[in-house]
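Report on one structure; see the data block that follows.
Residue numbers begin at 1 in each chain, while the letters A, B, ... track the order of the sequences.
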Amino acid sequence: MERTSKVISISEAIQRFVGDTCASLAIGGMHMHNNPMALIREVIRQQKKIKRLITSPSGSINADLLIGSGLVSEVLTSYVGLEHLGLAPNFRRGVEKKTINLLECDEPFLVYGLQAGAGGLPFIPYPAGLELTDIPRVNPELYRYTTDPYTGKQVMTAAPIKPEVALIHCQEADPFGNAIFKGSEFTDRQMIFAADTVILQVEKVVPNLAEKYGSTKVNVPGFLVSAVVEAPFGCHPTSSHGYYTYDEGHLKGYLKACKDTESYSEYFKQYVTGIAEENYSQQIGAEQLEKLRQGGGVK
Amino acid sequence: MERTSKVISISEAIQRFVGDTCASLAIGGMHMHNNPMALIREVIRQQKKIKRLITSPSGSINADLLIGSGLVSEVLTSYVGLEHLGLAPNFRRGVEKKTINLLECDEPFLVYGLQAGAGGLPFIPYPAGLELTDIPRVNPELYRYTTDPYTGKQVMTAAPIKPEVALIHCQEADPFGNAIFKGSEFTDRQMIFAADTVILQVEKVVPNLAEKYGSTKVNVPGFLVSAVVEAPFGCHPTSSHGYYTYDEGHLKGYLKACKDTESYSEYFKQYVTGIAEENYSQQIGAEQLEKLRQGGGVK
Amino acid sequence: MSEKVYSTSELMSCVMARHLKNGEVAVMGAVSMIPMAACRMAQLTHAPNLYYITGGSGAVNPYLEPMVPSSCDDELLRSDAALALPDVILLEGHGKRLDVFFGGGLQIDKYGNCNLICIGDWEKPALRGPGTVGLPFLPRAGRVVIYTMSHNAKTLIEKVDFNSGPGFLDGPESWSTKAKDLPGKGPALVVTPLCVMDFDEETKVMRLKSLHPGVTLEQVVENTGFQLVIPDEIPVTQEPTSIELEYLRKVDSAGIVRNM
Amino acid sequence: MSEKVYSTSELMSCVMARHLKNGEVAVMGAVSMIPMAACRMAQLTHAPNLYYITGGSGAVNPYLEPMVPSSCDDELLRSDAALALPDVILLEGHGKRLDVFFGGGLQIDKYGNCNLICIGDWEKPALRGPGTVGLPFLPRAGRVVIYTMSHNAKTLIEKVDFNSGPGFLDGPESWSTKAKDLPGKGPALVVTPLCVMDFDEETKVMRLKSLHPGVTLEQVVENTGFQLVIPDEIPVTQEPTSIELEYLRKVDSAGIVRNM
């Protein structure tokens with residue numbers, strides 16, 4: 001008997017593994033790096049509704065584009081922004097105009113919560129001092145308190161996070177879902193361990209991945225992955241660590257396009273809803289992609 | 001100005017960084033692999049008393065030799081044994097004859113506890129079901145209970161573990177303590193993150209470690225390390241992943257020597273107290289070491 | 001009885017391999033040569049999509065051939081992937097990641113509880129065991145496969161002196177009370193040098209499933225320290241097929257399992 | 001006033017670099033070009049044993065030259081070591097690992113509390129900020145260095161609308177009550193385009209420490225939304241030395257800091 005490959009097309013992956021209303025969707029990548037944009041664009045094309053969107057400690061265009069698509073009801077996040085390029089326009093507008101519900105949290109909440117979700121832990125208690133912000137006050141559903149049985153003191157807790165689906169970008173995977181992060185892992189590996197269903201997009205499917213890098217570098221075990229999608233340059237306009245850098249011009253263009261409805265819907269048509277994901281690279285242009293491939297470190 | 005090297009001799013490392021009575025000593029390595037034996041033998045030579053010894057989830061000759069030296073008051077462990085070669089004679093005797101105090105725990109206690117110690121967390125609550133063993137009953141000091149604030153249920157907790165000193169073997173380090181595990185990390189990296197003071201023994205000091213392996217493989221940051229000791233074959237008779245395999249004959253000889261006081265003190269004289277660590281390799285013999293180097297995988 | 005072309009430990013490996021289904025995820029701890037060989041063999045025969053993790057090494061799907069005795073050996077890192085131990089603990093705690101957990105003990109009782117801690121009272125043990133490592137996770141594993149090389153009345157006993165690897169606890173009532181919300185379905189199979197056993201659905205007591213070739217019912221009853229459930233019909237454990245043996249020996253070319 | 005051979009952001013980098021001691025460990029988050037350059041420059045000048053971690057990348061001691069703007073860039077992985085983000089969170093939670101934590105905010109108040117969440121009421125914000133990421137760890141960092149490119153009365157205010165990065169809380173009393181057992185010593189330094197500030201030991205209120213060359217006291221007072229502590233003598237911030245500038249520009253050959 002042969003092992004079953006998990007490599008399928010991007011449209012099939014989203015069709016099969018994301019429900020029409022997704023209870024909670026975690027999206028990998030941090031700032032303008034390793035965002036699983038190919039999968040995210042396809043989620044928008046297929047108009048999957050997202051009840052709760054969960055970002056890494058620093059969401060970027062991955063979250064902002066989804067929010068801008070109008071598919072997201074609420075967001076659990078500690079940051080959505082474009083780092084040195086500015087604020088995230090759709091996130092900002094959504095929160096200010098209350099078209100999305102915000103579950104305000106901090107970075108450790110996401111890290112502890114995913115850890116708890118991954119390990120079957122009922123919660124994670126915070127180190128002392130982190131209860132001093134105003135965050136627990138505005139998120140009493142998720143931030144709670146219990147007794148430290150060793151000192152008798154009250155401690156703040158993070159709730160477990162168990163995303164229904166996680167969309168993650170890895171640089172390379174074998175056909176069975178075993179995968180690597182060439183550069184930083186961010187919280188992507190935690191999302192993989194915590195989610196019920198994981199869809200991986202990769203730059204490249206590599207049959208003998210462990211031989212190529214050594215097995216200790218391959219720290220995503222295939223049995224946690226439901227589908228592998230090959231999507232070269234699939235992080236564009238964000239970077240893929242070790243493959244290519246982010247497209248600053250495109251990101252700035254995005255920010256500009258977000259300024260009014262018309263130009264935003266033009267952006268949407270041009271890069272998301274108006275084209276199949278298979279044609280996205282072409283839309284950006286081979287020359288531009290090659291330039292981005294020249295940038296970025298740690299090849 | 002120049003960076004300060006942390007590379008010192010083995011005797012100086014133990015002298016400077018282990019008190020005459022060490023409140024808690026964590027020792028790395030799991031089963032017959034990556035045991036920091038050179039450091040452990042030196043601790044015995046310098047007759048450092050150990051109030052609490054903390055093992056990985058599977059201690060081996062590292063713990064058994066220390067216990068056999070009479071320097072250990074109590075042990076926090078979930079296993080001390082020689083895997084397929086048999087029980088650990090000094091551990092067994094020590095517990096049966098009550099010459100050591102045993103803090104009985106399970107593997108998750110050590111992993112959760114080190115995690116909590118490393119991260120400033122007050123404790124880690126267990127997943128449901130792990131309270132069903134008899135262990136919490138015999139270790140009520142460390143296993144406690146609190147309320148899950150999300151469900152109202154009682155949950156068992158693991159106490160934080162913060163070793164005063166950790167003795168760890170890494171395959172390679174740079175002079176500043178940045179280090180790698182070539183093969184498995186076991187819980188050694190957690191011990192490094194949880195301990196107040198870390199002494200590393202390495203097969204080799206490599207100046208440009210991150211260039212050699214890529215920085216993401218170098219996941220022990222130098223600022224957590226107080227001293228680096230170069231000790232080639234320093235894990236003998238256990239293995240060093242990626243460098244050499246364990247010495248089954250020697251381990252069997254050790255088990256045999258433990259059968260009576262006379263032969264044990266002979267073993268001690270021959271390999272521990274009777275020689276300087278610098279002469280240990282010679283005592284084993286170059287030919288035998290070369291044979292072990294041929295064994296083992298993942299070079 | 002004709003000369004056997006396989007050893008008892010090889011037969012045990014085959015029994016375990018057959019129990020594993022394609023697409024499952026299995027995990028094992030120390031001194032697990034028989035389950036390791038079983039997993040790899042299952043992959044090479046009927047279960048190519050089986051995943052297995054060899055204990056402390058964190059190796060996922062080690063290629064094994066040739067296999068090695070230690071569960072933490074670097075040879076195991078010739079594998080599909082490798083996890084740091086804390087990640088394996090996450091998987092074990094999660095409750096829905098691992099379908100099969102291989103366990104065992106110095107003592108195993110009629111409800112499938114395992115003891116790796118001590119014989120006698122914990123305070124004054126007659127024999128101190130090595131410790132329990134990861135066995136407390138058993139109630140969170142899909143199902144538990146227990147094995148031992150010592151099928152005798154001291155190992156297979158009425159009640160463990162110390163419960164360090166929970167099976168059906170004190171039987172059906174305590175199981176349904178204490179474990180009702182847990183992800184684990186409890187012990188499923190017991191493999192010894194004499195026979196294969198499972199558990200009676202009602203009473204949760206260990207039940208004879210098949211006798212190994214050449215072993216009599218009396219032998220099993222005599223060497224079991226509690227009253228086994230004995231069904232009306234007791235088949236003989238199917239001998240290793242030539243294909244099974246071919247793959248098992250490919251995996252175990254050094255004869256580590258064979259000569260146990 | 002003669003033409004300056006350095007930019008204000010370069011001066012800010014130098015101020016921060018001088019504040020870092022040899023052997024310390026520093027950490028920073030997003031949009032941290034000035035602190036990054038400061039750390040690397042300090043390593044190359046007076047603090048070769050300084051360690052620094054650049055935010056989400058997990059990079060330990062990136063070689064930087066040439067530096068890049070994003071805190072998660074793979075260029076930063078040309079470094080001594082690199083940690084997965086959850087490991088950085090362990091270090092931040094521990095309380096005794098990090099000597100210096102670089103922070104900032106949309107608003108910074110007189111007690112050094114920072115706000116990255118919103119301007120106005122959280123329920124109906126006039127401006128929604130990006131979010132607070134790791135700033136809640138501030139009370140567990142050895143000391144906090146705050147910086148902002150906007151020294152004006154809207155940024156430096158009496159009290160933050162939302163406290164997402166605790167400084168001295170509501171002042172000496174609340175600090176000594178709520179933070180007495182915490183490992184952090186609170187905010188230590190504030191660096192802006194106009195001046196350097198520290199905190200009065202007694203009142204915990206921000207105090208002018210030095211004015212950047214060419215900046216007047218009036219300018220600072222006018223652009224600060226609360227009553228600063230003004231000492232009797234106010235030195236001028238020491239200009240970058242030629243050695244400092246040489247190393248800073250070696251690190252920042254692309255002029256990212258210079259042209260901020």
With only heavy atoms counted, which part of [X] is less than 4.5 Å from chain D, the side chain, the backbone, both or neither?
X: A:Ser56; result: neither
X: A:Met32; result: side chain
X: A:Phe181; result: neither
X: A:Ser239; result: neither
X: A:Tyr246; result: side chain

Backbone of A:Pro127 reached by a side-chain donor or acceptor of D:Arg140 within 3.5 Å: no

Using atom types as modelled and distance alone, determine if a side-chain donor or acceptor of A:His241 lies under 3.5 Å from a backbone N or O of D:Glu75. no

I'd like to know which of A:His33, A:Glu248, A:Gln190, A:Arg137 tops the heavy-atom pair count under 4.5 Å against chain D. A:His33

If you tally heavy-atom pairs under 4.5 Å between each of A:Val111, A:Leu114, A:Thr187, A:Leu110 and chain D, the highest tally belongs to A:Val111

Interchain contact, [X] with chain A, by part (heavy-atom threshold 4.5 Å):
X: D:Pro139; answer: side chain
X: D:Met260; answer: neither
X: D:Glu92; answer: side chain
X: D:Ile117; answer: side chain
X: D:Ala126; answer: backbone
X: D:Ser174; answer: neither

Give me each pair satisfying side chain to side chain donor-acceptor pair (under 3.5 Å) with a member in residues 175-191 of chain D, each pair once, sequence neighbours excluded. none

So, do A:Ser184 and D:Leu85 sit near enough that their side-chain heavy atoms are less than 4.5 Å apart? no

Does anything in [range] reach chain D? List residues with heavy atoms under 4.5 Å apart, or say none.
range: residues 79-90 of chain A; value: A:Tyr79, A:Val80, A:Glu83, A:His84, A:Leu87
range: residues 92-106 of chain A; value: A:Arg92, A:Val95, A:Glu96, A:Lys98, A:Leu102, A:Glu104, A:Cys105, A:Asp106
range: residues 138-156 of chain A; value: A:Val138, A:Lys153

Top residue by heavy-atom pair count (under 4.5 Å) with chain A, among [options]?
options: D:Gly56, D:Ala84, D:Gly55; answer: D:Gly56
options: D:Gly120, D:Ala59, D:Ser71; answer: D:Ser71
options: D:Pro69, D:Pro125, D:Ser32, D:Gly93; answer: D:Pro69
options: D:Val31, D:Leu182, D:Val133, D:Thr132; answer: D:Val133
options: D:Ala30, D:Ser70, D:Gly95; answer: D:Ser70

Where do D:Pro136 and A:Ile135 come nearest, in terms of heavy atoms and distance? CG-CD1, 4.3 Å

Indicate the atoms forming the closest heavy-atom contact of A:His31 with D:Cys72, along with that distance. CD2-SG, 3.5 Å

Could you give the distance from [atom1] ([X]) to [atom2] ([Y]), rounded to the nearest 0.5 Å?
X: D:Asn163; Y: A:Leu132; atom1: CG; atom2: CG; value: 8.0 Å
X: D:Asn115; Y: A:Asp134; atom1: CG; atom2: CG; value: 8.5 Å
X: D:Leu138; Y: A:Thr133; atom1: CG; atom2: OG1; value: 10.5 Å

Taking atom OH of D:Tyr247 as the centre, report whether more than 12 heavy atoms of other residues, nucleotides or ligands fall under 6.0 Å from it. no

